[in-house]
Undergrad: 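The structure under discussion is supplied below as structure tokens; questions concerning it will follow.
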Amino acid sequence: MKISFFQFLKDIFKELLSNKINFLFMCLALTISLIALNTIYSLGLSAKKQVLDALASVQFGKDAMLIIAGGGRIIGLTTTRTDTLKLEDVEEIKKLDFVTLASPMSRGTLEVSYKDFAEKLRVEGVFPNYTIANNWYPKIGRFINENDLKSMTKVCVLGADIPERLNTKNIIGEKIKIAGETFEVIGVLESKPSFGHFRRDESVIIPFTTAQRRVFNKDYIDAVKLLFREGTDMKMAENKIREILRKRHNLFGIAPDDFRIITPDLAISVFTKTMRTINVFLLAIALISLIISGVIIMNLMYANIEEKAPIIALRIALGASSKKIIEHYLIMSLFIAIISGIAGWILSLFLMEIISFFTPLKPIFSWWIFLLSFLFASFTGISFTLIPAIRASQIDPAILLKSL
Amino acid sequence: MVKKLVILKGITKTYYTGRIAYQVLRGIDLEVEEGEFLAIMGVSGSGKSTLLNIIGLLDKPDYGTYILDGQEVSKLSKKELAYIRNRKIGFVFQAFHLVPWATALENVLMPLLYRGNLKKEDEERALQFLTRLGLEKRINAKPSELSGGEQQRVAIARALITKPKLLLADEPTGNLDSKSSQEVMKIFKELNKNGLTIIMVTHDPEIAKFAQRIKIIKDGIFVEE
Ligand SMILES: Nc1ncnc2c1ncn2[C@@H]1O[C@H](COP(=O)(O)OP(=O)(O)OP(=O)(O)O)[C@@H](O)[C@H]1O
Ligand SMILES: [Mg+2]
């Protein structure tokens, strides 16, 4: 039984090699469409991973939540008042047992100047726990502390890109102006990934109290970042917090929320949505190319079977059953699928390397893609060989005595 | 009493080319005993190959009965016919019909491959056959590296590997020079002496002489000589 099967495979493989051009084109067609499929799929994975990594790196991977003042759609203009979120609301939320940390902040875009540099930058008034809440620590110098809050000191911590923009080597201790007030630089933050238009590394951080009283002159906050106990049910957390805020803001019935709750899932879905649309489109193209390669394989299989008709007739005359003949050609297509599957996979890894040179997307290694490549190759190969294989099994062995 | 291996009664076969019917076999009756060596002769187009296809279970008659080795076979399914072909019948063709990418040895083993139980002993047996036919030095040669006579001997070894009861040969010497033809016929004679039943189609009287009995077919029917 074992020798039989080995000899059977050997015969199939030799038949494939007997027409190398045919063989090459079958593999080529399949390989090219697999490269497209694998690459597009891994680009999607890579982009998604990048978003996930980026979110995780600012402590927004999971068990976190961001509440932003002002209601409306997640992305877009606010449609309600934006001055209703207060520190007292945060105090109330903090009482929830699953909330482990709450870091309120206020923000605005203000003119920042230093020597001949003057530009509008994002200024955030924050508490010391901002570092933990966002997993964002100073790279040099120190962060805002309790004393700064109590004394309303005029100090600031800069995003990683700012010192370079200001053209200064030794920025610590320098004085910069924010909306006309002079602030002392006490630290520079480590670099963090940006989302969309918002360049995180170009923020200026100042103490919360200083921001409220001396810069923005307001009593409401713009956002609060919350961290939860590990494994907290996000849906439940969101409902409880919404309930508290609506009650405190006197919103009843159909009155819309005057705040927005952003969960990690929501953030991910917003960031990956456009990506997904493009990806689905590209995947559709890849699948169409797979079908085209299937049709090419089908035609070349037909040609092969035509060419080998006397040999197939011989096999039938010698006692091969229809099943055996069909098996023969399906295994042949599986050979092609395995070769193309491996080639398509390896070449797509190379292509990803090349793409990563020109785009921020990093190559990603995943056995899923290997499996995907194999499955699609086998599926395409086998399904498009089925009809030619059945045709082969129906060849009339009587041609053996007639073909001369 | 000698057993009848092949009994054909009233076999007819008509081919249709478009709307034109052409009756190739017009009532063939034939009995072949076990151990016989029969030659069928006739001019080109008389229906020899058509008849051999039917005897070899490669084709079905339109009418008539065919009893092979005591079994009525004219109504069997494709699958059953393939099974019987593999067990009982060996074929030798004018065009040899060897698989071009397989070695002499692999070609000989092919019928066992489709039986699905190729064993180590079979390889040994194939080597014995090839040796007996004077091909011991050519076992790993491809058909393209063999002479016509050698190719036909490989084909004979392939026909014998399944230990068939009946050997069918359609113009086995048609593509061979006279020396190789004589060699092949000597092999046939030898095999027949050892008990193998042979039905051979030829239109060469010199070749037909090797058979015990000659039947002549003319326009799809046997005629007296
Ligand atoms: N599949 C077919 N369709 C139509 N006509 C056929 C078919 N096979 C054979 N014929 C015709 O049947 C007749 C007998 O053919 P067959 O091959 O049996 O002759 P033959 O006696 O073997 O001739 P040769 O000595 O040339 O081999 C021929 O006229 C041939 O053209
Ligand atoms: Mg003929």
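A note on names: the letters A, B, ... follow the listed sequences, proteins ahead of strands, and every chain is numbered from 1.
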Undergrad: Measure the spacing between OG of B/Ser49 and CG of A/Leu400 and express it to the nearest 0.5 Å.
TA: 11.0 Å
Undergrad: Examine whether an atom of A/Lys323 lies under 4.5 Å from a heavy atom of chain B, and if so say whether it belongs to the side chain, the backbone or both; otherwise answer neither.
TA: neither
Undergrad: Around atom CG of A/Leu17, are there more than 12 heavy atoms of other residues, nucleotides or ligands at under 6.0 Å?
TA: yes
Undergrad: Would you confirm whether B/Asp59, through its side chain, and A/Ala398, through its main-chain N or O, come within 3.5 Å as a donor-acceptor pair?
TA: no
Undergrad: What part of A/Ile316 is in contact with chain B, defined as an atom under 4.5 angstrom from a non-hydrogen atom: side chain, backbone, both or neither?
TA: both
Undergrad: Please identify, among B/Lys48, B/Arg158, B/Met110, the residue contributing the most non-hydrogen atom pairs under 4.5 Å to chain A.
TA: B/Arg158
Undergrad: Using a 6.0 Å cut-off, check whether atom CZ of A/Phe25 has over 12 heavy atoms from anything other than its own residue.
TA: no
Undergrad: Let me know if B/Tyr83 has heavy atoms under 4.5 Å from chain A in its side chain, its backbone, both or neither.
TA: neither
Undergrad: Are the side chain of B/His97 and the backbone of A/Ile311 linked by a donor-acceptor contact shorter than 3.5 Å?
TA: no
Undergrad: Inspect the surroundings of NZ in B/Lys60 and state if more than 12 heavy atoms from other residues, nucleotides or ligands are less than 6.0 Å away.
TA: yes
Undergrad: At a 4.5 Å cut-off on heavy atoms, which part of B/Glu171 comes close to chain A: side chain, backbone, both, or neither?
TA: neither
Undergrad: Against chain B, label A/Asp396 side chain, backbone, both or neither, depending on which of its atoms sit under 4.5 Å from a heavy atom there.
TA: side chain
Undergrad: Within a 6.0 Å radius of atom CZ on A/Phe335, are there more than 12 heavy atoms belonging to other residues, nucleotides or ligands?
TA: yes
Undergrad: Any idea which heavy atoms bring A/Phe8 and B/Leu113 closest together, and the distance?
TA: N-CD1, 3.7 Å
Undergrad: What residue among B/Leu52, B/Thr50, B/Leu51 forms side chain to side chain contact (heavy atoms under 4.5 Å, CB included) with A/Leu401?
TA: B/Leu52
Undergrad: List the steps and the verdict of side-chain contact (heavy atoms from CB on, under 4.5 Å) for B/Leu118 and A/Phe6.
TA: CA-CA 10 Å; B/Leu118 192 58; A/Phe6 176 71; over 6 Å; no
Undergrad: Counting only heavy atoms not in A/Phe365, do more than 12 fall under 6.0 Å of its CZ?
TA: yes
Undergrad: More than 12 foreign heavy atoms under 6.0 Å from CD of A/Glu306: is that the case here?
TA: no
Undergrad: Counting only heavy atoms closer than 4.5 Å, note whether B/Lys78 contacts chain A via side chain, backbone, both or neither.
TA: side chain
Undergrad: Could you check which of B/Leu58, B/Val201, B/Leu81, B/Ile54 has the highest count of heavy-atom pairs closer than 4.5 Å to chain A?
TA: B/Leu58
Undergrad: Check whether any side-chain heavy atom of B/Trp101 lies under 4.5 Å from a side-chain heavy atom of A/Asp11, and answer yes or no.
TA: yes
Undergrad: Which bit of B/Arg115 comes within less than 4.5 Å of chain A, counting heavy atoms only: side chain, backbone, both or neither?
TA: neither
Undergrad: Could you give the distance from OH (B/Tyr114) to CG (A/Leu318), rounded to the nearest 0.5 Å?
TA: 8.0 Å
Undergrad: Does atom OH of B/Tyr15 have more than 12 heavy-atom neighbours from other groups under 6.0 Å away?
TA: yes
Undergrad: Measuring from atom CG of B/Asp122 to atom CD of A/Gln7, what distance do you get when rounded to the nearest 0.5 angstrom?
TA: 11.0 Å
Undergrad: Looking at every non-hydrogen atom in both residues, tell me the closest pair between A/Ala320 and B/Ala82 and how far apart they are.
TA: O-CB, 4.2 Å
Undergrad: Does atom CZ of B/Arg125 have more than 12 heavy-atom neighbours, drawn from other residues, nucleotides or ligands, at distances under 6.0 Å?
TA: yes
